[in-house]
Every structure is written in structure tokens, then in C-alpha cells.
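Treat the numbers as computed from the prediction; the structure is a model and nothing was measured.
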Amino acid sequence: MVKAHELRNLNKDELLKTLTDLRKELSELHVAKVTDGAASKVAKIKGVRKSIARVLTVHNQQQKEGLRKAAAGAKYKSKDLRVKTTRAKRRALSKSELKQ
């Protein structure tokens, strides 16, 4: 099982290599399941799927962090980097506007 804090220390290439290894392992486990493999291999499928999800999550977080750094001084932010609150809160008056 892969830990997220260990994955955060890896660079992009190492993450993608880990991802391909885990996907290959998952396909082998699916083949073992169909060919009446051991119960331990069938039980391992869930853990490998979770590990794949962890790797993808860390990869996506790193990509988004890079985008945030690139768009730090820009006039406009892309929609996926904007603040995620409710529509009403985004349209409400700011504190300085309320004081006027």
C-alpha cells in the first residue's frame, strides 16, 4: 500500500511510473481472479485500487499547485482555481462595500 505523504516527495515522472506499475498489477490481479486465483490475490484488488486513487490524487494536486503558481499575478483566474463557495456568497457585498 502506498502512503500519500510518501507520494508527495516524488516528482511527476516517478508518480506516473508508480501509476503504470499499479495499473499493471491490477490487471494481473483481475486475470488471477478470473482464473481462480488465490483468495489473497482477490482481496488485494481493493488495496491496489485505493493506491491508484492516491497516486492520481497527489498527481492532480501537484498539477493544480503548479497552475496556481503560474497564475499567481494574473488578472484573471481560470474557473478551477477560483474560490469555491456558494453562488450567493460569491455575489454578496464584500466587507468594505458593506461599510459604505
Side-chain angles (χ1 to χ4, degrees):
M1 176 134 60
V2 185
K3 302 284 185 184
H5 68 87
E6 296 168 358
L7 292 172
R8 293 191 204 291
N9 298 329
L10 303 178
N11 61 19
K12 180 181 176 182
D13 296 330
E14 293 170 338
L15 274 176
L16 294 178
K17 183 182 180 304
T18 306
L19 183 63
T20 55
D21 293 343
L22 286 170
R23 284 185 170 159
K24 184 177 179 183
E25 182 181 355
L26 182 64
S27 65
E28 291 170 359
L29 289 172
H30 280 304
V31 169
K33 178 181 175 184
V34 171
T35 58
D36 294 329
S40 62
K41 286 192 175 185
V42 174
K44 196 175 177 186
I45 290 175
K46 182 178 178 180
V48 173
R49 288 180 62 222
K50 301 282 186 182
S51 296
I52 290 172
R54 280 189 197 96
V55 171
L56 287 172
T57 300
V58 170
H59 178 67
N60 289 333
Q61 286 174 345
Q62 287 179 353
Q63 278 189 323
K64 193 167 267 196
E65 188 61 34
L67 288 172
R68 280 199 177 93
K69 287 179 183 175
K75 184 175 181 182
Y76 299 108
K77 289 184 182 178
S78 66
K79 286 193 173 183
D80 59 337
L81 299 179
R82 294 180 191 168
V83 177
K84 309 285 190 294
T85 57
T86 62
R87 187 170 186 260
K89 285 184 180 179
R90 287 194 307 266
R91 282 160 178 67
L93 295 175
S94 67
K95 290 181 182 180
S96 62
E97 291 171 337
L98 284 172
K99 289 180 183 177
Q100 294 177 356

Between the side chains of K44 and E25, is the shortest nitrogen-to-carboxylate-oxygen separation below 4.0 Å, so that they form an ion pair? yes
Would you please name every residue forming a side chain to side chain contact (heavy atoms under 4.5 Å, CB included) with [X], sequence neighbours left out?
X: R82; result: K77, K79
X: S96; result: S94
X: K95; result: none

If you round to the nearest 0.5 Å, how far is [atom2] of [Y] from [atom1] of [X]?
X: S51; Y: K46; atom1: OG; atom2: NZ; result: 12.0 Å
X: L56; Y: H59; atom1: CG; atom2: NE2; result: 7.5 Å
X: R54; Y: L19; atom1: CZ; atom2: CG; result: 13.5 Å
X: I52; Y: T18; atom1: CD1; atom2: OG1; result: 11.0 Å
X: I45; Y: E28; atom1: CD1; atom2: CD; result: 11.5 Å

Does [atom1] belonging to [X] count more than 12 external heavy atoms closer than 6.0 Å?
X: R87; atom1: CZ; result: no
X: K84; atom1: NZ; result: yes
X: R68; atom1: CZ; result: yes

Sequence-distant partners of S40, side-chain hydrogen bond (donor to acceptor under 3.5 Å, both in side chains), two or more places apart: none
Residues two or more places apart in sequence or in another chain: which of them pass side-chain hydrogen bond (donor to acceptor under 3.5 Å, both in side chains) with D36?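 In terms of side-chain hydrogen bond (donor to acceptor under 3.5 Å, both in side chains), with neighbours along the sequence ignored, D36 is linked to no residue.
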Pick from L22, T20, N60: which one makes a side chain to side chain contact (heavy atoms under 4.5 Å, CB included) with V55? L22
Minimal heavy-atom distance between K41 and L29, with the atoms involved, is O-CD2, 3.5 Å
Would you tabulate the side-chain donor-acceptor contacts of residues 6-14 under 3.5 Å, counting partners in other chains and residues two or more places apart, or write 'none'?
from : atom 1 : to  : atom 2 : distance (Å)
R8   : NH1    : Q61 : OE1    : 2.6
N11  : OD1    : D13 : N      : 3.4
N11  : OD1    : E14 : N      : 3.0
E14  : OE1    : N11 : N      : 3.2

With the side chain counted from C-beta on, respond yes when R90 and V83 share a heavy-atom pair under 4.5 Å apart, and no when they do not.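 Sidechains of V83 and R90: no contact.
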